[in-house]
Engineer: 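Please see the structure below; I have some questions.
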2 protein chains.
Amino acid sequence: MPAPHPTEHARAIGQDGLADALVHAAFATMAVLSKVGAENDLSLTQLRVLAILRDRRLRMTALADYLGLEKSTMTGLVDRAERRGLLERAPSASDGRAVDVFLSPEGADLAGRLYAHVGRSLAPMTSELAPAEQRRLQTLLERMLGPHES
Amino acid sequence: MPAPHPTEHARAIGQDGLADALVHAAFATMAVLSKVGAENDLSLTQLRVLAILRDRRLRMTALADYLGLEKSTMTGLVDRAERRGLLERAPSASDGRAVDVFLSPEGADLAGRLYAHVGRSLAPMTSELAPAEQRRLQTLLERMLGPHES
DNA sequence: TATTGTTATACTCTATAACTATA
DNA sequence: TATAGTTATAGAGTATAACAATA
């Protein structure tokens, strides 16, 4: 798994300075997430599935909506994760057509470890800034991204 | 192409507040890049290839290094882009084993339009911040990401 | 011998279309 | 009829291993 070179496309894609920096930061962050995933034999999509289901039980269609994917794509995605024992399917109690998906104990365990791992893996980047700068960056990003649900 | 829901995994993956915000911003930015790519029938990887080659001529191996992919992966990637007339291959002048890759005129044209398109597509997000905040955000991101080459 | 690129192979990710079972 | 999920199919993206050509 060779390491990428996030800076280059960032510089070439972005329109202005801020867009450049955002694209650059996005590639750097995604590279970290991909690496954390790869170290656990998880694609970025599987990582997202674990993250989304960390505190939720969702039907296939709702999971597809969260990921921005087609429901037919979910079948294989969930199949593979289920085969690895990371999540489980169960028929919905309220709708005979629907299938709920949720983390298995092993999946929840892995999700928890990944959660911590991502934080540690991002630290070398974030610790380039002093604590006060980190707080300012967080505030600006949160303002830019709008109010969180939850 | 259904729209994703970047906030959720962000909240669930990140370790602390800043990591959360970075992951959230990365997913939001990647969603924009993916959308711009998809509107032009380009995957994120093909978008990166165009961006990287925008002002460069590289051999297959160097391109693979920039992307963080195996050289064998490049063959198919370049094949498909070449088949679409976006880039070209030529034998290296200095090394009989090597193959140079570079944008075709059409590829360069598309890359230029994508460049502008990305800037415009990111604007709704960045313009949530006042101009002074935008400058502060850019400065902080650039400090965090370290000095650019070029 | 080592390196460059391709080929062969296999698996994951993704979408579209057609199907089934339920609502 | 409409919705939930799966299956069938196809194509892109990715890696590993083996190979040919060149250095």
Side-chain angles (χ1 to χ4, degrees), chain A residues 1-4 9 30-31 33-35 37-50 52 57-84 86-102, chain B residues 1-4 9 30-31 33-35 37-50 52 57-84 86-102:
Chain A
M1 180 203 2
H9 1 102
M30 285 299 180
L33 292 179
S34 295
K35 184 157 165 293
E39 286 168 4
N40 293 274
D41 278 301
L42 291 171
S43 70
L44 207 40
T45 303
Q46 297 281 6
L47 196 74
R48 291 173 75 191
V49 169
L50 292 188
I52 291 167
R57 162 191 282 246
L58 292 176
R59 351 167 120 194
M60 297 291 281
T61 299
L63 187 54
D65 289 344
Y66 276 118
L67 291 165
L69 301 172
E70 290 301 318
K71 57 186 177 161
S72 62
T73 302
M74 297 316 305
T75 302
L77 226 38
V78 170
D79 280 352
R80 289 184 288 274
E82 193 178 23
R83 212 178 301 134
R84 287 179 55 178
L86 299 177
L87 45 82
E88 300 174 24
R89 270 188 254 233
S92 165
S94 55
D95 188 332
R97 301 167 299 178
V99 173
D100 286 343
V101 192
F102 51 94
Chain B
M1 180 207 0
H9 0 101
M30 285 300 181
L33 292 178
S34 295
K35 185 158 164 290
E39 285 167 5
N40 294 275
D41 278 302
L42 292 170
S43 71
L44 208 40
T45 303
Q46 297 282 5
L47 197 75
R48 291 172 74 189
V49 170
L50 292 187
I52 290 167
R57 163 190 281 248
L58 293 175
R59 346 168 122 193
M60 296 292 281
T61 299
L63 187 54
D65 288 345
Y66 275 118
L67 291 164
L69 301 173
E70 290 301 319
K71 57 186 175 158
S72 61
T73 302
M74 297 316 304
T75 302
L77 225 38
V78 170
D79 280 352
R80 288 185 288 273
E82 195 179 23
R83 212 178 302 135
R84 288 180 55 178
L86 298 178
L87 44 82
E88 300 174 24
R89 271 187 253 233
S92 165
S94 55
D95 188 331
R97 302 166 298 179
V99 173
D100 285 343
V101 192
F102 51 95

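Computed from heavy atoms alone, side chains included, the values below leave out hydrogens, waters and symmetry copies. Below, chain A is the first sequence line, B the second, and so on; all start at residue 1.
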Engineer: Once you round it to whole Å, what is the distance between C1' of C:dT14 and CG of A:Asp79?
Structural biologist: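 Distance, rounded to whole Å: 14 Å.
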Engineer: Check nucleotides 9-14 of chain D against the protein and report each pair of N or O atoms closer than 3.5 Å, with its distance, or say if there are none.
Structural biologist:
residue : atom : partner : partner atom : Å
D:dG13  : OP1  : B:Ser43 : OG           : 2.4
D:dG13  : OP2  : B:Gln46 : NE2          : 3.3
D:dG13  : OP2  : B:Arg80 : NE           : 2.6
D:dG13  : OP2  : B:Arg80 : NH2          : 2.8
D:dT14  : OP1  : B:Thr45 : OG1          : 3.2
D:dT14  : OP2  : B:Thr45 : OG1          : 3.4

Engineer: Is any side-chain heavy atom of B:Leu69 less than 4.5 Å from a side-chain heavy atom of B:Leu77?
Structural biologist: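 Contact flag for B:Leu69/B:Leu77 side chains = yes.
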Engineer: Return the set of residues passing side-chain hydrogen bond (donor to acceptor under 3.5 Å, both in side chains) with A:Ser92 (not counting sequence neighbours), or none when no residue passes.
Structural biologist: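 With sequence neighbours excluded, A:Ser92 shows a side-chain hydrogen bond (donor to acceptor under 3.5 Å, both in side chains) to A:Ser94, given in chain and number order.
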Engineer: Mind checking what makes side chain to side chain contact (heavy atoms under 4.5 Å, CB included) contact with B:Ala90, not counting sequence neighbours?
Structural biologist: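 Expected list: B:Arg57, B:Phe102.
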Engineer: Nearest whole angstrom, please: distance from the P of D:dA15 to the CG of A:Asp41.
Structural biologist: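 The distance from CG of A:Asp41 to P of D:dA15 comes to 13 Å, rounded to the nearest Å.
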Engineer: Does A:Thr61 have a side-chain nitrogen or oxygen under 4.0 Å from the phosphate oxygens OP1 or OP2 of D:dT3?
Structural biologist: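 Checking A:Thr61 against D:dT3: no side-chain N or O falls below 4.0 Å of OP1 or OP2.
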Engineer: Holding to side chain to side chain contact (heavy atoms under 4.5 Å, CB included), I want the full list of residues that pass it with A:Thr61, two or more places apart in sequence or in another chain.
Structural biologist: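 By the side chain to side chain contact (heavy atoms under 4.5 Å, CB included) rule, A:Thr61 matches A:Asp65.
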Engineer: Quick one: list whatever passes side-chain hydrogen bond (donor to acceptor under 3.5 Å, both in side chains) with B:Asn40, sequence neighbours left out.
Structural biologist: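 For B:Asn40 there are no side-chain hydrogen bond (donor to acceptor under 3.5 Å, both in side chains) partners, ignoring immediate neighbours.
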Engineer: Separation of A:Lys71 atom NZ from C:dA18 atom P, in whole Å?
Structural biologist: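 These atoms are roughly 13 Å apart.
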Engineer: Just jot down the salt bridge (charged side-chain N to carboxylate O under 4.0 Å, His left out) partners of A:Arg80, sequence neighbours excluded, or say none.
Structural biologist: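 A:Arg80: no salt bridge (charged side-chain N to carboxylate O under 4.0 Å, His left out) contacts found.
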Engineer: Using a 4.0 Å cut-off on heavy atoms, which residues in residues 86-97 of chain B reach DNA chain D? List them by number, or say none.
Structural biologist: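 Listed by number, they are B:Asp95, B:Gly96, B:Arg97.
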Engineer: Under the side-chain hydrogen bond (donor to acceptor under 3.5 Å, both in side chains) test, which residues partner A:Arg84, sequence neighbours left out?
Structural biologist: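 A:Arg84: no side-chain hydrogen bond (donor to acceptor under 3.5 Å, both in side chains) contacts found.
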Engineer: Please list, chain by chain and in numerical order, all residues satisfying side-chain hydrogen bond (donor to acceptor under 3.5 Å, both in side chains) with A:Glu82, sequence neighbours excluded.
Structural biologist: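 With sequence neighbours excluded, A:Glu82 shows a side-chain hydrogen bond (donor to acceptor under 3.5 Å, both in side chains) to A:Arg89, given in chain and number order.
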Engineer: Based on the rotation axes of five pairs at each end, what angle does the helix from C:dG5-D:dC19 to C:dA23-D:dT1 bend through, to 10°?
Structural biologist: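 End axes: 0° apart.
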